Amino acid sequence: MEQVKGYYKKFVTEGFDENGILNKFELSCPDNFNFSYDIIDKFGEIDPDRRALLHIDLQENRHEFSYLQLSKLSTQAANLFASKGIKKGDMVMLILKRNYQFWIAIFGLIKLGAIAIPATHLLTTHDLTYRFERASVKAVVCTGYNPDIEQFTEEAEAEMGIDLIKFIANGERDGWINFDEEIKKMPETMERVPTDSYEHMLLYFTSGTTGYPKMVIHNHRYALAHIQTAAHWHNVDPDGIHLTVSDTGWGKAAWGKLFGQMACGTCIFVYDFDKFVPTDMLRIMQDYKITTFCAPPTMFRFFIKEGLENYDLSSLKYSTIAGEALNPEVYNKWLEFTGLKLMEAFGQTESTALLANLIGMTPKPGSMGKPTPLYDVDVVDDDGNPVPVGEVGEIVVRAEPGKDGLFECYYRDEELTKEAWHDGLYHTGDTAWKDEDGYFWYVGRNDDVIKASGYRIGPFEIESVLISHPSVLECAVTGAPDPNGIRGQVVKATVVLARGYTASEELKKELQNYVKKNTAPYKYPRIVEFVDELPKTISGKIRRVQIRNDDNK
């Protein structure tokens with residue numbers, strides 16, 4: 001058992017200070033490292049019955065998988081993909097919600113050396129067309145639990161005049177390969193496909209503010225770097241059960257439902273819900289005895305509102321948060337009810353945990369913590385010089401592209417890559433200040449990405465939909481304080497109407513529904529304000545910052 005618990009340590013070098021807090025973490029990554037072969041298959045060999053995945057579906061049916069089962073199933077998936085013409089370097093999109101097939105499929109693609117593109121099931125035809133074209137997607141694996149995504153995929157195919165290889169899990173559809181049935185026919189063994197640790201493994205589309213989503217591409221080392229995330233921030237127990245709340249289409253799933261946790265040999269818990277219901281989540285945590293838990297602060301606010309005293313959370317040993325600023329009141333109430341501190345961290349789709357309150361640290365509620373040992377993080381001015389204590393600057397990392405969990409580039413966008421990587425620094429685009437104890441405090445984005453209920457939402461995508469409505473002359477989309485005080489931020493659309501249209505509650509609802517129908521529904525503006533003109537710079541650029549500042553007065 002000790003061999004299993006310490007197995008991941010063959011890939012890292014760790015060191016601790018006199019207080020037991022991690023102060024050294026370095027990767028010892030083999031040149032040919034591949035997570036599926038070197039972690040999943042290895043665990044299947046040295047501890048075949050160790051539980052890897054516990055999945056509860058929409059009907060609360062239970063599915064359990066050992067590391068040996070995941071090893072064999074992912075090999076069968078790799079053989080299935082290969083039999084249909086997918087090979088090393090091919091781009092394959094996974095739209096699988098929280099279905100357990102996601103783990104089987106992504107580990108199979110990693111074994112092939114193909115590049116997985118996790119995506120949310122909330123995408124529409126418009127969203128898919130852009131992604132298929134930009135990434136040269138060759139195949140998709142979709143869930144049958146959301147028939148719309150199948151239709152949207154086919155519409156995008158038709159619009160582009162392409163013929164994708166299409167797999168469907170948990171369902172049937174003409175022209176689609178039945179993933180669940182066909183995988184059973186595949187061999188459980190395969191010859192290892194050679195991969196270099198610096199070769200591409202994973203691609204995420206992430207929202208920006210000046211254009212459509214950027215393509216963040218990671219190499220195989222990224223998976224290994226998340227050991228720091230799981231072992232020293234999430235504090236996962238190899239004999240426990242870890243739950244991070246995230247759809248598999250988001251980068252947060254890679255942080256909390258995949259690489260680091262499984263490298264540590266813990267069991268990933270997946271609750272396949274359609275809509276977040278606080279009482280259901282609390283009951284699930286109670287009944288399945290979750291030991292470590294991570295979610296955005298918004299969810300903890302809902303938990304507190306529902307009444308924590310009605311649930312037995314005594315199995316819970318550790319709790320972490322990320323994605324939004326933490327309200328000290330939430331921190332204190334959670335601590336009062338559970339005895340657990342909320343340990344915050346900061347990172348991006350482009351990275352693993354850059355800043356964190358690691359095991360043993362005393363968190364300051366609202367602070368993102370200190371730089372994690374894997375990274376050299378600082379706060380700098382516009383010239384790249386470190387700023388004094390208490391002064392706001394940009395969060396940067398002194399590193400090389402693709403090194404130790406950092407993204408290599410914005411795929412197929414040299415200009416954006418140069419903006420992010422220059423002068424020996426990765427520029428995160430996020431601003432913060434550092435206190436006298438070295439704790440970092442978040443201020444905001446250099447750009448205008450909206451963070452609402454754990455989602456990262458780019459204004460440009462919503463604006464491009466709204467402007468196509470005949471009533472909209474021009475608009476600006478920003479994040480605004482939630483009037484109900486629940487979500488932290490909500491999406492707001494400030495709209496100038498075209499001639500002949502009059503502001504009304506009916507038109508507001510029409511625009512909201514229009515956004516829901518033409519892009520992912522979670523992006524719709526909960527606030528719509530009609531104005532005569534938008535604030536602009538001399539050069540004619542919309543000043544979103546002025547709108548935000550006015551809302552925060």
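Keep in mind that this is a model prediction, so the values were computed, not measured. FYI, side chains are in, hydrogens and waters are out, and symmetry mates aren't considered; it's all heavy atoms of this structure. Throughout, residue positions are numbered sequentially from 1 according to the sequence presented.
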Sequence neighbours excluded, which residues qualify as side chain to side chain donor-acceptor pair (under 3.5 Å) partners of [X]?
{"X": "D247", "answer": "H121"}
{"X": "K97", "answer": "D274"}
{"X": "N235", "answer": "none"}
{"X": "S71", "answer": "D41"}

Check: [Y] and [X] side chains under 4.5 Å, non-hydrogen atoms:
{"X": "F102", "Y": "T143", "result": "no"}
{"X": "F293", "Y": "L316", "result": "yes"}
{"X": "V465", "Y": "Y514", "result": "yes"}
{"X": "D47", "Y": "Y7", "result": "no"}
{"X": "W103", "Y": "V270", "result": "yes"}
{"X": "R173", "Y": "E154", "result": "yes"}
{"X": "L224", "Y": "F35", "result": "no"}
{"X": "F107", "Y": "L258", "result": "yes"}

Ignoring hydrogens and geometry, is there a side-chain-to-backbone donor-acceptor pair from [X] to [Y] under 3.5 Å?
{"X": "S74", "Y": "A105", "answer": "no"}
{"X": "H469", "Y": "S471", "answer": "yes"}
{"X": "R50", "Y": "G265", "answer": "yes"}
{"X": "Q261", "Y": "A230", "answer": "no"}
{"X": "T519", "Y": "V515", "answer": "no"}
{"X": "S66", "Y": "D49", "answer": "no"}
{"X": "K492", "Y": "P481", "answer": "no"}
{"X": "N99", "Y": "Q101", "answer": "no"}
{"X": "Q228", "Y": "T372", "answer": "no"}
{"X": "D312", "Y": "S314", "answer": "yes"}

Least distance between heavy atoms, [X] atom then [Y] atom:
{"X": "N357", "Y": "S367", "value": "ND2-O, 3.3 Å"}
{"X": "A225", "Y": "T352", "value": "CB-CG2, 3.9 Å"}
{"X": "D437", "Y": "K370", "value": "O-CE, 3.0 Å"}
{"X": "T266", "Y": "I241", "value": "OG1-N, 4.4 Å"}
{"X": "L128", "Y": "L123", "value": "CD2-CD1, 3.9 Å"}
{"X": "L354", "Y": "S351", "value": "CG-OG, 3.6 Å"}

Point-to-point distance, once rounded to the nearest 0.5 Å, from [atom1] of [X] to [atom2] of [Y]:
{"X": "E463", "Y": "S468", "atom1": "CD", "atom2": "OG", "result": "12.0 Å"}
{"X": "D148", "Y": "T125", "atom1": "CG", "atom2": "OG1", "result": "9.0 Å"}
{"X": "Y318", "Y": "T291", "atom1": "OH", "atom2": "OG1", "result": "13.0 Å"}
{"X": "Y331", "Y": "I304", "atom1": "OH", "atom2": "CD1", "result": "12.5 Å"}
{"X": "I95", "Y": "F152", "atom1": "CD1", "atom2": "CZ", "result": "11.0 Å"}
{"X": "L308", "Y": "Q286", "atom1": "CG", "atom2": "CD", "result": "11.5 Å"}

Would you sort out whether M368 and I395 count as a side chain to side chain contact (heavy atoms under 4.5 Å, CB included), showing the intermediate values? CA-CA 12 Å; M368 300 177 286; I395 303 170; 4.1 Å; yes

Tell me whether the rings of [X] and [Y] are parallel (<30°), tilted (30 to 60°) or perpendicular (>60°).
{"X": "Y67", "Y": "F43", "result": "tilted"}
{"X": "Y100", "Y": "H55", "result": "perpendicular"}
{"X": "Y222", "Y": "F259", "result": "perpendicular"}
{"X": "F303", "Y": "F300", "result": "perpendicular"}

If we ignore angles and hydrogens, is there a donor and acceptor under 3.5 Å between the side chains of [X] and [Y]?
{"X": "Y442", "Y": "E344", "value": "no"}
{"X": "T292", "Y": "H242", "value": "yes"}
{"X": "H126", "Y": "T124", "value": "no"}
{"X": "W334", "Y": "S319", "value": "yes"}

Answer yes or no: does atom NZ of K333 have more than 12 heavy-atom neighbours from other residues, nucleotides or ligands under 6.0 Å? no

Determine whether the aromatic ring centres of residues F407 and Y426 are separated by less than 6.0 angstrom. yes

For this output row, return yes or no: ring centroids of W255 and Y204 closer than 6.0 angstrom. no

Criterion side chain to side chain contact (heavy atoms under 4.5 Å, CB included) against L203, the qualifying member of M215, R131, H218: M215

Set of side chain to side chain contact (heavy atoms under 4.5 Å, CB included) partners for P371, sequence neighbours left out: L355, V377, F440

Using the side chain to side chain contact (heavy atoms under 4.5 Å, CB included) rule, take I106 and L202 through it: C-alpha gap first, then chi angles, then the decisive distance, then the call. CA-CA 9 Å; I106 196 168; L202 185 68; 4.1 Å; yes

Sorted by first residue and then second, give each salt bridge (charged side-chain N to carboxylate O under 4.0 Å, His left out) pair with at least one member in residues 58-70; sequence neighbours left out. R51-E64, E60-R283, R62-E64

Is it true that the NZ or CZ of R98 lies under 6.0 Å from the centre of Y271's six-membered ring and within 45 degrees of the ring axis? no

Given the rule in the side chain to side chain contact (heavy atoms under 4.5 Å, CB included) test, do I359 and L22 qualify, once you have shown the distances and angles that lead to the verdict? CA-CA 8 Å; I359 299 169; L22 187 76; over 6 Å; no

Would you check, one step at a time, whether the test side chain to side chain contact (heavy atoms under 4.5 Å, CB included) holds for I183 with I104? CA-CA 10 Å; I183 199 174; I104 297 168; 3.7 Å; yes

